[in-house]
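In the text below, chain A, chain B and the rest are named by the order of the sequence lines, each starting its count at 1.
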There are 2 protein chains.
Amino acid sequence: MALEITKELIENVEDLILNKKDVALNDFFAETHHADIAEVLEELSFDDAIYIIRLLDSETTADVLMDVDEDVREKIFERLSSKEIAEEIEELDTDDAADVIAELPEERKQEVIQKIEDKEHAKEIVELLRYDEDTAGGLMAKELVKVNENWNVLTCVKEMRLQAEEVTRVHSIYVVDSDGKLKGRLSLKDLLMASTRSKIADVYIPKVDFVNVHDKAEDIANVMMKYDLEAIPVVDELGVLVGRITIDDIVDVIKEEADKDYQLAAGITQDVEAGDSIIQLTKARLPWLFLGLIGGIGAFLIMGEFEHTFKKHAFLFFFTPLIAAMAGNVGVQSSAIIVQGLANDDVKGSIKNRLVKEMLLALLNGVVLAIFLFLFVLAYERDFMKALAISVSLIVVIVVAGLIGTFIPLFLDKRGIDPAIATGPFITTSNDIFGILIYFLIAQLILGV
Amino acid sequence: MALEITKELIENVEDLILNKKDVALNDFFAETHHADIAEVLEELSFDDAIYIIRLLDSETTADVLMDVDEDVREKIFERLSSKEIAEEIEELDTDDAADVIAELPEERKQEVIQKIEDKEHAKEIVELLRYDEDTAGGLMAKELVKVNENWNVLTCVKEMRLQAEEVTRVHSIYVVDSDGKLKGRLSLKDLLMASTRSKIADVYIPKVDFVNVHDKAEDIANVMMKYDLEAIPVVDELGVLVGRITIDDIVDVIKEEADKDYQLAAGITQDVEAGDSIIQLTKARLPWLFLGLIGGIGAFLIMGEFEHTFKKHAFLFFFTPLIAAMAGNVGVQSSAIIVQGLANDDVKGSIKNRLVKEMLLALLNGVVLAIFLFLFVLAYERDFMKALAISVSLIVVIVVAGLIGTFIPLFLDKRGIDPAIATGPFITTSNDIFGILIYFLIAQLILGV
């Protein structure tokens, strides 16, 4: 399992740096995975981290830099020359290289790209920079193994050996025609089993899943999960093979998407972590709290309107937290189911059918809860009409909250807006207000005051 | 991209079934990916689905059955004989086979296992059934390619060709000693480049990541994501290679874990989808709503206690939804950050440090919001003391809510309980009650009534 980054380990490294024991440091890090080196760097002082980056060879540090947090990377790059950054980039696959360059300030970008010695690599990176980062083009790497359908297996194996040196992991061998159009694939296993004399055109599998360079990351993730793919080729508008996406990048997409939805549901914008600074965390949290505050002031104003009406029934006010909480809970539940269903692409049928189903569901839940509440109020206050007013309100509030919770994410999705923003504080706040308003109106109607 | 399951397509299939056009059906499904066939089956009537399962060969239907929803699979299996199920199972990899068998009723399990003709396969499945499904043992498959360190490359390639026939995707070739202990690995790429005369002991890479058969699924997912692995070997207590886990299973773990946490945060237990029945959805949602109801009744009782004290200041009651909402929002935010941090294994430092940080964060947010609320109340009610009472309460409530939201998931995690249950309704409900109580106590103190 993973290396444990202990306090002793960090102190040990700091000691070696202080005493400039470069050989010992090199030996230690040579045995350490780049993902672990990245964690060590994040624990070190900034100067120590730079020391290590300059000490180790760029083949290692390029991978390490990919693994550190974006803000740490940014700071390190500020201290490195464009030449030094270009050297790191030479060691990266094109997709990672493009991601790193995309983070640089505009003028730095140009400088670094010009300093890349391998002009072919630079050209490919520039091509990748053109694509939106949330599309196939933004995720794909140019590194892949492709063979021409007109070759025979012998030529193919020779060519592949050359190409494979560039490619970290060979998943599939893609077969193209003379125009570079994707025709099919060869699996390494097939190749392992095939005789060297066969012709590629005779042995390749013409059925191959692929995505278009402009397809969305989330859709690609769903396709790769559905078909259990570990890599998928990317073609342009003409069907020409332009890159491939591997499952490790998709795992990151799935994880980030899930984390983002979870945070939005909890009322946290931006991508923050437990370890981030108080200022960063405040930026991510305060806007939602402010929304809640505005909602609370709205509730205050509504209740104030009913003050004179309910002078005799002050206890009605004591049920507002209950009503507001139920409206909020139901709203979050129903919106969460829709948001998740949309993300997993399994919300089928029309909006109308969804709303009818949610209405029945909310009605069922509402009636069960209302019966319980009715009995409680009847026992506690010994007043049938009051118990009735509160229970009927609860049912109506739950149904309305469920409908709002279902409708808003569906509506946002239709409009092309991320429905995940609908869950959490947004729904709870609006449902608080609607819930309280509905509650007092119904109570007024039933109690006739 | 994925096949579109249109209404016409389904009607077409239903038509073919009605007219018993078996050849046309076979032709159509031969061209269709098993994941798509699974979706078609889920749209068909139950009898039609059974018809298709019996029509297609078991090599296809085994994969299809893995892809349909668990409850559909259960129903289909009820209609198939143990012999028929065993035939499907023969076609599956050991990990999938064990998962499917684990779902069967106890007496059916034995019957099916005994009907599996390949006794070696049956033995491996029985071995896998011993492990908890959330551990490496529960995730791993027995299918892998392993070679002995004492072989030469030629023997190795011969052996591998035999073994590779059993394995869907070859990721790595694992090297073991004569006792079966894991020594290292060979990548297919290395093999592609290596000369046939070398000895395995001279060419293998002795550094290999692995997990223990009892390691937890979530930890394995973190390791595989961190090190970008596509497969990881599993060893037993003696270091003997017993299986391997592939990234596609880990993708499912990540996705399920994220979905579950998201649902818990929204107050939904059990694994439900938008398409599930109203009864299933009610079972998943009602318990949390009931919790909210109990909380609301608690809030009602607390407010009732203060009725006489605040007779003159009825408007104080009108701020309870605001206080409750803020307490709930802050609690959910802070617990969500901790839950996510725990899942991603990046919550470092002691509980005390966490609480101090959250206190400062909540204080900062609280003060900003309280100033705004203070100015509003002052402008609206023109009463300094009232404005002060409400604003000070807000700050205290936010700080306490933040501390509760941070502490509970950390506490649950230390106790070995899934901290994700702490987010959502659980936190909002308890924070509602604490918040309201604190609010009235502080208001009483400041207003001196």
Residue selection (most heavy-atom pairs with chain B, distance under 4.5 Å) from A:Asp252, A:Ile279, A:Ile436, A:Val330: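 The answer is A:Val330.
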
Only pairs of heavy atoms separated by less than 4.5 Å count here; which of A:Arg285, A:Met225, A:Met303 has the most with chain B?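 Among the listed options, the one with the most contacts to chain B is A:Arg285.
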
Identify which part of [X] has an atom lying under 4.5 Å from any heavy atom of chain A, answering side chain, backbone, both or neither.
X: B:Phe376; value: side chain
X: B:Asp249; value: neither
X: B:Glu305; value: neither
X: B:Leu364; value: side chain
X: B:Ile398; value: neither
X: B:Ser334; value: both
X: B:Ile302; value: neither
X: B:Thr282; value: both
X: B:Asn365; value: both
X: B:Ile297; value: both
X: B:Glu358; value: side chain
X: B:Leu342; value: neither
X: B:Val377; value: neither
X: B:Ile254; value: side chain

Most chain A-contacting option - heavy-atom pairs closer than 4.5 Å, from [options]:
options: B:Leu281, B:Thr423, B:Thr320; value: B:Leu281
options: B:Asp276, B:Asp67, B:Ile250; value: B:Asp276
options: B:Gly295, B:Gly267, B:Ala325; value: B:Gly267

Heavy-atom distance under 4.5 Å to chain B: side chain of [X], backbone, both or neither?
X: A:Phe300; result: both
X: A:Ile294; result: side chain
X: A:Tyr380; result: side chain

How close do A:Gly292 and B:Asn329 get, heavy atom to heavy atom, and via which atoms?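 Distance-wise, the nearest heavy atoms are CA-ND2, 4.0 Å.
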
Check ion pair A:Lys207-B:Glu31 (N to O, under 4.0 angstrom):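 Between B:Glu31 and A:Lys207 there is no salt bridge, as every charged N stays at least 4.0 Å from the carboxylate O atoms.
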
Trace of the side chain to side chain contact (heavy atoms under 4.5 Å, CB included) decision for B:Asp36 with A:Lys226: CA-CA 9 Å; B:Asp36 291 318; A:Lys226 180 171 172 187; 2.6 Å; yes

I need the A:Thr246 OG1 to B:Glu230 CD distance, nearest 0.5 Å.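 So the OG1 of A:Thr246 and the CD of B:Glu230 are separated by 6.5 Å.
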
To the closest 0.5 Å, what do you measure between CZ (A:Arg354) and CE (A:Met359)?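 Here the rounded value is 14.5 Å.
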
